[in-house]
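This report concerns only the one structure given below.
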Amino acid sequence: MNDTREKSLELAIGRQIRELRKRQRMTGSELAAKAGLSVGALSKIENGLVSPSLSTLSAFSNALSVPIVHLFAGFDQPRGAMHVKAGEGVEIERQGTRAGQQYNLLGHIGATDSGVVVEPYLLTLTSESDTFPVFQHEGIEFIYMLEGTVEYRHGDSCYRLEPGDSLLFDADAPHGPETLLAFPIRYLSVICYPQ
């Protein structure tokens, strides 16, 4: 696996060097001369056949007038994904969950380079649902109504949400379903906050 990953890195660096060279309308021999390499060595690097040394990468960085990190821009690092089939979201209890409230977590990815945590939930409320507490937490929340009707409070305002309606808000303000109007009530809630 490491050999494959190293080969992938060599190919990505080679493609990026070729792309940067072409963008600057520079020939292979011009870049090779500026970087202090032979045209043959440049060709091997651009085709991912050899792994350039750090000093060679630094020479390319100077010759192409780009930060050295730009030479790694095409490297395909693994990125997380989670596929949840219909009806298979993990049922969880969130702080403040009451009887008749069902939270299904629709996916979760651990630490990422983005620095953002995203929690997508499917909420189902029934006529047996208890009255709602008011929630407050950091981040931004997005609600998309799928079924039913609810009066949803955010701060001092109430919004009537029906299928197809959405609400995007700062989750630090007190918020939550205030009046349950038509059952069953189902909506997506996506919460985003700093890692």
Side-chain angles (χ1 to χ4, degrees), residues 1 4-5 8-9 11-12 15-16 19 23 66-67 69-195:
M1 182 170 162
T4 304
R5 191 163 166 79
S8 174
L9 177 59
L11 287 168
R15 277 194 294 260
Q16 185 69 3
E19 178 63 31
R23 238 186 268 165
V66 295
V69 295
H70 279 132
L71 302 179
F72 297 90
F75 182 53
D76 185 20
Q77 292 180 326
R79 302 290 180 191
M82 184 175 194
H83 179 207
V84 177
K85 297 292 282 177
E88 293 182 5
V90 178
E91 189 170 340
I92 65 161
E93 283 197 24
R94 293 193 69 228
Q95 185 176 356
T97 300
R98 298 284 196 262
Q101 300 177 6
Q102 182 179 338
Y103 284 81
N104 290 96
L105 182 61
L106 300 179
H108 177 75
I109 295 177
T112 66
D113 292 340
S114 70
V116 175
V117 175
V118 178
E119 295 178 354
Y121 296 97
L122 173 63
L123 278 83
T124 304
L125 312 174
T126 64
S127 56
E128 290 85 39
S129 294
D130 283 350
T131 54
F132 286 84
V134 174
F135 297 102
Q136 267 183 285
H137 51 85
E138 67 177 332
I140 302 292
E141 187 166 347
F142 173 77
I143 290 176
Y144 182 81
M145 286 297 294
L146 299 169
E147 211 178 342
T149 307
V150 64
E151 288 281 337
Y152 199 93
R153 173 166 297 284
H154 178 258
D156 294 333
S157 301
C158 267
Y159 301 90
R160 183 185 179 97
L161 301 179
E162 298 172 312
D165 292 350
S166 63
L167 184 63
L168 177 68
F169 55 88
D170 180 341
D172 197 37
H175 61 277
E178 179 137 310
T179 310
L180 309 179
L181 300 170
F183 298 100
I185 296 168
R186 287 186 336 122
Y187 60 92
L188 292 175
S189 169
V190 182
I191 301 168
C192 304
Y193 54 90
Q195 214 161 323

If I compare all heavy atoms of [X] with all of [Y], which pair ends up nearest, and what's the gap?
X    : Y    : result
G107 : P120 : O-CD, 3.3 Å
A171 : E138 : CB-O, 4.1 Å
G148 : P163 : O-CD, 3.1 Å

Quick one, [X] and [Y] - any side-chain contact, counting heavy atoms below 4.5 Å?
X    : Y    : result
L167 : M145 : no
R153 : P174 : no
L181 : R160 : yes
N104 : V84  : no
C192 : V118 : yes

Starting at [atom1] of [X], measure out to [atom2] of [Y] and round the result to the nearest 0.5 Å.
X    : Y    : atom1 : atom2 : value
L123 : L188 : CG    : CG    : 9.0 Å
Y144 : D165 : OH    : CG    : 8.5 Å
I185 : T124 : CD1   : OG1   : 10.0 Å
E141 : D172 : CD    : CG    : 12.0 Å
L71  : E19  : CG    : CD    : 12.5 Å
R186 : L125 : CZ    : CG    : 11.0 Å

Intermediate values then yes/no, side chain to side chain contact (heavy atoms under 4.5 Å, CB included), F169 and H175: CA-CA 9 Å; F169 55 88; H175 61 277; 3.5 Å; yes
Treating H154 as the side-chain partner and L168 as the backbone partner, does any N or O pair qualify as donor plus acceptor under 3.5 Å? no
Can you name the salt bridge (Lys or Arg N to Asp or Glu O under 4.0 Å) partners of R15, sequence neighbours left out? none
Working for side chain to side chain contact (heavy atoms under 4.5 Å, CB included), residues Y152 and I143: CA-CA 10 Å; Y152 199 93; I143 290 176; 3.2 Å; yes
